[in-house]
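Structure first, commentary second.
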2 protein chains.
Amino acid sequence: MMTGHFSISDLAKEFEISTRTLRFYEEKGLLTPQRRGSTRLFSAADRVRLKLILRGKRLGFSLQESREIIDLYEPETANARQLQLLLDKIQQKRELLENQKREIDAMLRDLKRTEASCLAALTADSDGKD
Amino acid sequence: MMTGHFSISDLAKEFEISTRTLRFYEEKGLLTPQRRGSTRLFSAADRVRLKLILRGKRLGFSLQESREIIDLYEPETANARQLQLLLDKIQQKRELLENQKREIDAMLRDLKRTEASCLAALTADSDGKD
DNA sequence: TATTACGTTTACGTTAACGTAAAGATAGAA
DNA sequence: TTCTATCTTTACGTTAACGTAAACGTAATA
């Protein structure tokens, strides 16, 4: 039935995770699905949060860290003092991410060097120099 | 004494990790220090490997993944067939890293948007509109 | 010589992020 | 109504990456 909501297995299939994982995320307060009786009903907002959690995972963030980042997106904090705090946190996360990018670039450079010497070795072989 | 080697605590201090961590990495075959008696002697090469391991950690790689990447750097594989395999692996890792970069950029864009609306809210407040 | 600093091995403990199994409720199809 | 699918809760198990403690060896220093 079209309810505008997702069942637990809907999301599990879509994102190729287990239902246990979804229940675990709720248990940890990362997702807060509604209930119809005892059955969980996930909203579009829950789905977005899930996307962010999984993206965080791919970047090597812990669930706690992902939660911190996700919480930054919620503009419930309409108070100015809180907003400044929010901006500070965003700045922190930005620096962390920029650092990650730099490390990735360093790794890519290293790989490129190794690749180059591999290719050199290969072409030397195909030159039939020996 | 200048031996051209590092003691376990030398490396522990330099990289701000525990000696347990270094022993653990050896146990897992990620580092292979020599021994003088029972005491570990780490070489400059060990130190480089350690750097790569820690960089991998910061990027959210498991020790197993870090090992795979590090192994790519070792040009012991002078055989052509092996070299081609090596190039394939490098390509795989490159794609993985490029993907990570894309995800980071996505995250940075999201943060930027949130930041923008925060700033908008703040300046609206300081306008004293209410 | 006794203490301090540093090294060793062995082994049990811990946290995160789930996996897996048991036992049961509910709703629609055969 | 019985079967099948899908949901629930509860709870013990598992892996990675170390932490922590015990018990010991060695070497320089007070």
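In what follows, every heavy atom counts, from backbone to side chain, and hydrogens, waters and symmetry copies are set aside. Proteins get letters first, then strands, A, B, ... in listed order; numbering begins at 1 in each.
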* To do: Just call it for A/Ser7: base, sugar-phosphate, or nothing, with non-hydrogen atoms closer than 4.0 Å on any strand.
  => sugar-phosphate
Separation of [N] [atom2] from [X] [atom1] (nearest whole Å):
X       : N      : atom1 : atom2 : answer
B/Glu27 : C/dT9  : CD    : P     : 10 Å
A/Arg23 : D/dC7  : CZ    : C1'   : 7 Å
A/Glu26 : D/dT9  : CD    : P     : 7 Å
A/Gln64 : C/dT15 : CD    : C1'   : 13 Å
A/Tyr25 : C/dA16 : OH    : P     : 14 Å
B/Leu41 : C/dT8  : CG    : P     : 9 Å
A/Leu22 : C/dA17 : CG    : C1'   : 13 Å
A/Arg36 : D/dT6  : CZ    : P     : 15 Å

Less than 4.5 Å apart, any side-chain heavy atom of [X] and any of [Y]?
X        : Y        : value
A/Arg47  : A/Leu50  : no
B/Tyr25  : B/Leu54  : yes
B/Lys101 : A/Asp105 : yes
B/Phe42  : B/Asp10  : no
A/Ile69  : A/Glu65  : no

Does [X] put a side-chain nitrogen or oxygen below 4.0 Å from OP1 or OP2 of [N]?
X       : N      : value
A/Ser38 : C/dT26 : no
B/Arg40 : C/dT8  : yes
A/Ser9  : D/dC7  : yes
A/Ser18 : C/dG19 : yes

* **DNA chain D: 5'-proximal contact among B/Thr21 and A/Phe42 (nearest heavy atom)** => A/Phe42
* Quick one, which residues of residues 53-62 of chain B touch DNA chain D with a heavy atom under 4.0 Å? -> B/Lys57, B/Ser62
* Does CD belonging to A/Glu27 count more than 12 external heavy atoms closer than 6.0 Å? -> yes
* Side chain of B/Arg20, base of D/dT20: donor and acceptor closer than 3.5 Å? -> yes
* Using a strict 4.0 Å threshold on nitrogen-to-oxygen distance, state whether A/Asp110 and B/Arg55 make a salt bridge. => yes
